[in-house]
Amino acid sequence: MKTLLLLGAAALSLTGCTGGTKCDTGDSACGGSDDVVIQSVNGSCSGGTCTWEVKTTGSMGAVELDLVETGDPSWSCGPTSTKGDLVCGAWSEFHNDFTLADFNNEYEWKEINLNLVGSFEDQVNNQSTIFDVSDGTISNQLTVLFSVSDADGVYADCATFGHDPSYFYDVCTNNADEW
């Protein structure tokens with residue numbers, strides 16, 4: 001049975017546009033237009049539930065979250081478009097059932113709550129995860145990709161971070177924020 005991997009860091013939380021040094025083209029927080037741009041992303045787990053969230057400028061449409069164990073010792077290949085399931089001997093997940101958590105004139109915030117399960121055999125996309133992002137043992141193994149569209153469904157921005165952000169460079173070409 002595949003070893004269960006768990007993400008480190010008490011809560012994985014990343015914020016873009018810090019001090020104006022991490023600005024995507026059109027980032028209103030950094031002096032650009034009012035385009036939809038990711039401002040922060042976060043993942044945390046507590047009480048058997050893991051919550052992933054993204055905050056953007058403007059009104060966003062769809063949110064997609066890809067999680068891949070690129071730091072798994074059995075990992076043996078480069079980028080792929082597989083969304084969920086085994087990829088090069090390591091587990092991946094895909095979640096896109098985000099719901100609106102908050103909004104105002106400056107930002108929109110969406111999140112997804114996933115039940116934490118103990119085995120990849122029990123993991124179901126948009127329902128559950130094996131990646132306990134509040135546990136310290138996987139922080140050096142997980143690579144994360146957030147992608148968002150605008151309210152019209154047109155791709156708007158992405159953020160990739162973790163063990164090997166280059167894994168997603170073919171799908172996140174405008175990742176000006178090095179999360």
Side-chain angles (χ1 to χ4, degrees), residues 1-14 16 38 40-56 60-101 109-149 153 155-173 175 177-179:
M1 184 166 138
K2 182 156 184 55
T3 303
L4 179 63
L5 299 176
L6 305 170
L7 180 61
L12 182 61
S13 179
L14 303 162
I38 294 173
S40 66
V41 292
N42 183 36
S44 63
C45 297
S46 178
T49 300
C50 296
T51 301
W52 286 92
E53 58 190 36
V54 58
K55 185 186 287 187
T56 64
M60 72 180 117
V63 177
E64 295 182 350
L65 172 65
D66 288 272
L67 305 170
V68 182
E69 290 181 302
T70 57
D72 185 305
S74 64
W75 184 257
S76 63
C77 70
T80 178
S81 62
T82 302
K83 297 206 180 275
D85 210 355
L86 288 175
V87 177
C88 305
W91 190 248
S92 73
E93 296 179 10
F94 176 74
H95 306 286
N96 64 353
D97 194 17
F98 282 71
T99 58
L100 184 64
W109 169 19
K110 289 189 176 183
E111 67 183 14
I112 188 170
N113 294 307
L114 303 169
N115 294 321
L116 187 60
V117 294
S119 169
F120 73 95
E121 295 165 329
D122 298 326
Q123 190 272 322
V124 176
N125 291 337
N126 290 321
Q127 296 178 17
S128 58
T129 183
I130 64 169
F131 299 119
D132 182 348
V133 296
S134 295
D135 187 296
T137 57
I138 197 175
S139 63
N140 294 324
Q141 295 186 353
L142 188 66
T143 301
V144 178
L145 169 68
F146 272 94
S147 298
V148 297
S149 65
Y155 171 82
D157 199 12
C158 62
T160 183
F161 55 89
H163 171 262
D164 184 12
S166 67
Y167 175 77
F168 289 116
Y169 282 175
D170 66 329
V171 294
C172 188
T173 58
N175 186 33
D177 295 332
E178 192 55 46
W179 298 82

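Index from 1, following the sequence.
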Non-neighbouring partners of [X] that pass side chain to side chain donor-acceptor pair (under 3.5 Å), sequence neighbours left out:
X    : result
N115 : none
T129 : E93
T51  : N113
D97  : none

> Within the side chain of N126, is there an N or O that forms a donor-acceptor pair under 3.5 Å with the backbone of N96?
Replying inline: yes
> Taking the side chain from S134 and the backbone from C45, do they hold a donor-acceptor pair closer than 3.5 Å?
Replying inline: yes
So which heavy atom on [X] is nearest to which on [Y], and how close?
X    : Y    : value
C50  : D132 : SG-CA, 4.3 Å
Y155 : C158 : OH-SG, 3.0 Å
S128 : V117 : CB-CG1, 3.8 Å
L145 : V171 : CD2-CG2, 3.7 Å
W52  : L65  : CG-CD2, 3.4 Å
E69  : L142 : N-CD1, 4.4 Å

>> Run the side-chain contact (heavy atoms from CB on, under 4.5 Å) test against A62 and tell me which residues pass, sequence neighbours left out.
In response: S149
Which distance, rounded to the nearest 0.5 Å, do you find between the [atom1] of [X] and the [atom2] of [Y]?
X    : Y    : atom1 : atom2 : value
T99  : I112 : OG1   : CD1   : 8.0 Å
H95  : L67  : NE2   : CG    : 5.0 Å
F146 : K110 : CZ    : NZ    : 12.5 Å
F168 : F161 : CZ    : CZ    : 10.0 Å

>> Can you classify the ring geometry of W91 versus F120 as parallel (below 30°), tilted (30 to 60°) or perpendicular (above 60°)?
In response: tilted
> Step by step, would you call M60 with D157 a side chain to side chain contact (heavy atoms under 4.5 Å, CB included)?
Replying inline: CA-CA 10 Å; M60 72 180 117; D157 199 12; over 6 Å; no
> Among T160, T70, D164, which residue meets the side chain to side chain donor-acceptor pair (under 3.5 Å) test with T143?
Replying inline: T70
